[in-house]
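The block underneath contains the structure these notes are about, expressed in structure tokens.
Heads up: numbering here begins at 1 and tracks the sequence. Every number for a ligand or one of its atoms is a count from 1 in the order of the listing.
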Amino acid sequence: MLNMLNTLRRVVQEVNAARDLPSALDIIVQRVREEMGTEVCSVYLFNPDTGRYVLMATEGLNKAAVGVVSLASNEGLIGFVGAREEPVNLEDAAAHPRFRYFAETGEERYASFLGVPIIHHRRVMGVLVVQQKARRQFSEGDEAFLVTMSAQLAGVIAHAEATGAIRGLGWGGEVVQDTRFDGVPGAPGVAIGQAVVMLPPADLGSVPDRHIEDVEAEQQLFREAREAVRDDMLQLSDKLASQLRREELALFDVYLMMLDDAALGNEVNALIAGGQWAQAALRDVIAAHVARFEAMEDSYLRERATDIKDIGRRVLAFLQEAGREQRVYPEQCILVSEEITPAMLGEVPKEKLVGLVSVMGSGNSHVAILARAMGIPTVMGVVDLPYSRMDGLELIVDGNHGEVYSNPSQELRKHYLELVQEERELSQGLEELSELPCVTVDGHRMPLWVNTGLLADVARSLDRGAEGVGLYRTEVPFMVQDRFPSEKEQQITYREQLEAFHPLPVTMRSLDIGGDKALSYFPIKEDNPFLGWRGIRVTLDHPEIFLVQTRAMLKASQGLNNLRIMLPMISSVYEVEEALHLIHRAYSEVLDEGVDVPMPPVGVMIEVPAAVYQARELVQMVDFLSVGTNDLTQYLLAVDRNNPRVADLYHSLHPAVLHALVRIASACRDAGKPMSVCGEMAGDPAAAVLLMAMGCDVLSMNATNLPKVKWLLRQISLTDAKALLDEVLGLDNPYLVQSSLHMALKRMGLGKVLIQSR
Ligand code: PEP
Ligand code: MG
């Protein structure tokens, strides 16, 4: 068992390090044949364009047949394995009715056959086969080995295939265009631009390829990075001299030797001389050495692989530092990363950033919410994207459908350029609405507020005619720092917001970290972060953070008096009691300091099912309720808002969500207190019609969508909206809700601003 795992690990590692798909497949067939002690091992891959399985690599059959022999999807034993999606194990293959003979391969001599399908994300990618001359019934163990190998290799093959495709090469070496990678919509709109891959710091595995012209300069850069690491190591060794034993200190000498020209240095320089930039040259040399050490039998030597990785990371950190200073961003920049963070958004000059692509996360992740606020087309959760190899490539980002295209053809580019133009015309057409009030045709007034967090939001929000701020996400200024901001610093930041919108009201939410919002300087590590220490739970456990923040808000509002405070993630009345207690304490402290401010209105966010059922009690305790539909949807439907695998189950128009909202609205109406909605749902024009009909008093949304919502609400009557609400509340299926709603609005001639939300 252990042996099998070791073998698997070794083969997968080797295959992962392969340069391209053909060499990856060659390694697979060689290793599998060796390990299973058979005469033949081959891989056939399915080409969806031709609908045929093509022999792509073999060890044992005639190699001249590679790329030549192919079978239709219903032909031969290969087609049989693919269609059954199961292993086929035959002692006498020629006797099977599906056997098909190919003279080119010399296959007739092989009696026994074991074939397993290679399946990735439900898609049959090909078939892995072993064969033998003598009749042999392959054992259950053989079958298990081949199935396990194939399952592991499917992802690797898919990755290798995608890597070729983004360079414009199909796996047969043919030119391919318009290669599509599927993700989920993050922020609407489309963009065409050049990929800039941004990496987590010092992660060798994710360094992209990049071609350089000036070999001398690149080698010099590498020399300087090595020198810097050497100085670091010497200092470290000096510092530790009194604490470590001699043998342990000797390790530092080994490290220093590794950096020498005679060891890694020369190999890296050779790759640079071939036109590769220093970071990727280092990546390849380190990967090769690590693989060699990891394959060793001796456990001490195996461990040295870790040292090599470590030294590689240290050199890389210096190279990246130097790179950051020199980085020149293209005019139309599409930021691509494994996981885009809010801090990364700040690194690219705003006027150059046209699109975002993230391998992780989904449309409800916080970075997607920021992207929507900034109006940058975004695709999230593109899990199969070989992102580290994409730097500098031309990409199309379709944030409406959640798709990314590489190597766009002339026709595709033209199609998307037209869409960009249409989108621009639509938003220009809506600009003139900014001065007009949001009133329905039958005279119902619907206040539209904005959600903010970035300073850049302020100007955009005011331009678009926002009537207040329904949610200021205070964690955003906390996230771009490297320590907790002081009371004074917070006061200055909050004052800017309050002043910019004065006299309009600004609703500041107390710090809402945890879940997918981490502070680098206050790490929280949990198995289930969305069910863990989040929002109010953190700040009640840290009154020093809550009090300082509240004091900063109160002081910032002096003379302006437009502050409202809001509490996130409330799941019990006692949390509200405790929070109110702390707010009153902070209030009396600032009064004692001579600051003259009125007590601001305080509200509770309804984001957790428990709070829906206690809305009546909660609303008695505070001045308003505000529904956070992003979290409420995730908790009602038990769908992680951040997980692309379940993104199509996340549905804010789900009947359960709609009925919860109706319930909250009725609690507020009976208490005579206002209800607002500040989740992304409020910014979806079609959903906004329903929320207005339910009796929401405020809709708070991102500035980008505000004009669309206003346009739609100004075209419809409250009476029609209520009729629509009645109709959809009778439906039991989220897809039906969405399609009936969209159809009805289109029939009224209001289709142009609808968003195909999930
Ligand atoms: C929400 O959950 O709907 C909300 C507005 O808060 P956030 O998206 O910041 O969690
Ligand atoms: Mg929330």
Ligand-side contact atoms (ligand 1) for residue partner L471, heavy atom cut-off under 4.0 Å: 5 (C)
Aromatic plane relationship, F522 with W533 - under 30° parallel, 30 to 60° tilted, over 60° perpendicular: tilted
Mode of N451 contact toward ligand 1 - side chain, backbone, both, neither (heavy atoms, under 4.0 Å): neither
Residue M605 vicinity, atoms of ligand 1 by number, heavy atom under 4.0 Å: 4 (C), 5 (C)
Backbone of D684 reached by a side-chain donor or acceptor of N705 within 3.5 Å: no
Side-chain ion pair, R473 and D512, N-O less than 4.0 Å: no
Considering only N, O or S atoms of D631, the one closest to the Mg ion (ligand 2): OD2
Per atom 8 (O) of ligand 1, closest listed option by heavy atom (R641, R534, E475): R641
M681 touching ligand 1 at heavy-atom level, < 4.0 angstrom: no
Short N or O distance, D631 and ligand 1, threshold 3.5 Å exclusive: yes
Salt-bridge contact E607-R534 (side-chain N to carboxylate O under 4.0 Å): no
Protein heavy-atom partner closest to atom 7 (P) of ligand 1 - residue, atom, separation in Å: H366 NE2, 3.2 Å
Check: E727/S740 side-chain N/O donor and acceptor closer than 3.5 Å: no
Test item: H584 side-chain N/O and L580 main-chain N/O as donor-acceptor pair under 3.5 Å: yes
Working for side-chain contact (heavy atoms from CB on, under 4.5 Å), residues F478 and I513: CA-CA 9 Å; F478 277 71; I513 51 171; 5.7 Å; no
Sidechain-backbone polar pair: Y650 side chain, N630 backbone, donor-acceptor under 3.5 Å: yes
Under-4.0 Å heavy-atom contact with ligand 1, by part of K517 that carries it: side chain
E607 N/O/S atom closer than 2.8 Å to the Mg ion (ligand 2): yes
Heavy atom of R509, distance to ligand 1 below 4.0 Å: yes
Q634 to ligand 1, any heavy atom closer than 4.0 Å: no
Polar atom proximity, G628 to ligand 1 (N or O, under 3.5 Å): yes
R537/E578 ion pair, N-O < 4.0 Å: no
